[in-house]
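Chain letters run A, B, ... following the sequence lines, proteins first and then strands; every chain starts at 1.
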There are 2 protein chains.
Amino acid sequence: MGKLREPLNECSLPAALEAMGERWAFLILRAAFNGLHHFEEFQSELGIARNILANRLARFVEHGIMERQSLPEDRRKIQYCLTEKGHALLPTMVALRQWGERWETGVPAFPILVDSRDHRPIQPIAVLSHDGRVLTKGDLHWALPGDVADATDIANAAE
Amino acid sequence: MGKLREPLNECSLPAALEAMGERWAFLILRAAFNGLHHFEEFQSELGIARNILANRLARFVEHGIMERQSLPEDRRKIQYCLTEKGHALLPTMVALRQWGERWETGVPAFPILVDSRDHRPIQPIAVLSHDGRVLTKGDLHWALPGDVADATDIANAAE
DNA sequence: CACAATAAGTTGCTAAATAATACCTACATA
DNA sequence: TATGTAGGTATTATTTAGCAACTTATTGTG
């Protein structure tokens with residue numbers, strides 16, 4: 001994939017893309033979030049080529065995004081389960097899906113994701129300030145170590 | 001890329017990936033968010049092959065993610081600017097970056113993204129309920145049209 | 001004006017990733 | 001034992017990525 005220059009400005013995006021930048025990654029992940037666990041389930045749901053699927057699942061396991069275990073009651077069956085690290089990709093996936101809904105397909109797209117407690121739709125994913133304001137590009141700033149305020153700073157400033 | 005089966009469960013993720021699933025897409029986007037506007041800037045910052053960069057920029061323009069305009073003061077120069085649609089990818093990109101920070105590189109990774117108003121770090125990107133609770137996989141539910149509550153329903157239920 | 005330099009690509013070729021399909025192996029079930 | 005199932009590999013073809021050299025339009029310089 002090539003090397004990035006400018007080490008200073010390097011963030012963890014390239015590292016994240018190492019795992020998730022592959023073509024089918026997000027779709028397999030979505031299927032896993034929807035409760036699929038087995039090779040044949042992924043294969044028939046997504047229509048992905050078997051060798052590619054095998055390769056992706058192996059990579060997810062390598063990266064600790066999924067866990068692979070063969071079931072004792074039927075030792076042919078292998079279960080692929082999302083790990084904590086895998087589950088942590090939910091906000092990213094929902095953000096990408098919401099963007100697609102708003103800007104690509106245009107439609108609200110059912111089934112829709114709702115809070116299971118009250119069945120009300122979730123909020124749009126957003127970048128939020130510490131006190132919950134929605135921030136856009138203009139409200140953001142890249143800060144170096146010395147330049148970051150924390151709760152203590154704010155308390156001190158108020159004295 | 002192959003066709004998905006199960007039309008019912010199809011969401012806009014595939015549509016989003018049509019634009020963003022390409023190998024360099026997020027890195028070019030990040031560079032654009034960091035203020036880069038020109039072909040040679042992207043090329044030397046990222047070290048991407050020129051033909052691939054040309055191809056990706058053209059695709060971004062096709063998809064309405066960037067706008068291409070030649071500058072009147074130097075007609076050799078072409079400016080690539082993020083559109084509103086492009087800017088709307090910020091939460092997705094930040095979510096992916098934060099995931100990489102937490103689970104891949106491990107480090108907090110400077111420069112860090114802060115609110116330009118008070119220089120305090122932004123919140124982790126999360127899936128939030130209508131009233132701001134953080135939701136994880138277990139708290140979520142896929143709902144079909146009839147199954148979605150809205151503010152009106154809640155008000156009625158309270159009467 | 002001639003000439004070098006710059007910006008934004010394009011072209012031709014090689015290497016790597018992806019895809020389609022057939023095959024394989026360990027179980028399980030009748 | 002025969003038959004089917006789950007989870008893969010192996011083989012081959014196609015697509016995409018990557019490198020380096022070239023092109024075209026413009027601009028700045030002596």
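Nearest to the side-chain atoms of B/I52 among the listed nucleotides D/dT26, D/dA17, C/dA8 stands D/dA17. Nearest to the side-chain atoms of B/D74 among the listed nucleotides C/dT18, C/dC27, D/dT27 stands D/dT27. When distances run from any side-chain atom of B/I78 to the nucleotides C/dT18, C/dG9, D/dT26, the shortest one goes to C/dG9. Of the listed nucleotides (D/dA6, D/dT27, D/dA17), D/dA17 has the atom at the smallest distance from the side chain of A/R23. For B/R76, counting side-chain heavy atoms from C-beta on, the closest listed nucleotide (D/dT27, C/dT10, D/dA6) is D/dT27. Proximity note for B/F39 (side chain, C-beta onward) versus D/dG8, D/dT27, C/dA8: the nearest is C/dA8. Comparing C/dA19, D/dT27, D/dA17 by their closest approach to the side chain of A/N51 singles out C/dA19. Closest to the B/R56 side chain, of the nucleotides D/dC19, D/dT27, D/dT16, is D/dT16. Of the listed nucleotides (C/dT6, C/dT18, D/dA17), D/dA17 has the atom at the smallest distance from the side chain of B/E22.
Residue contacts for A/Q79: at a heavy-atom cut-off of 4.0 Å it reaches no nucleic acid atom on any strand shown. If you check every strand for non-hydrogen atoms under 4.0 Å, A/Y80 touches sugar and phosphate atoms only. If you check every strand for non-hydrogen atoms under 4.0 Å, B/R50 touches a base.
Ion pair B/R50/B/E40 flagged as a salt bridge, since at least one NZ, NE, NH1 or NH2 atom sits closer than 4.0 Å to an Asp/Glu carboxylate oxygen. Looking at A/D131 and A/R133, a side-chain N of the basic residue comes within less than 4.0 Å of a carboxylate O on the acidic one, giving a salt bridge.
By the 6.0 Å contact criterion, NZ on A/K85 is enclosed, its count of non-hydrogen atoms from other residues, nucleotides or ligands being greater than 12. The 12-atom threshold is not exceeded at NE2 of A/H141, counting heavy atoms of other residues, nucleotides or ligands nearer than 6.0 Å.
Heavy-atom distances under 4.0 Å link DNA chain D to A/R68 of residues 59-69 of chain A, given in residue order.
The nearest whole Å value for the distance from the CG atom in B/N55 to the P atom in D/dA17 is 7 Å. Between B/W24 atom CH2 and D/dT16 atom P there is a gap of 18 Å when expressed in whole angstrom units. Counting to the nearest Å, the C1' atom of D/dG8 and the CZ atom of A/R75 are 16 Å from each other.
In this view, A/D74 and A/R76 satisfy the salt bridge (Lys or Arg N to Asp or Glu O under 4.0 Å) rule, not counting sequence neighbours. Looking at residues two or more places apart in sequence or on another chain, you find no ring-ring contact (aromatic ring centres under 6.0 Å, His included) involving B/H38.
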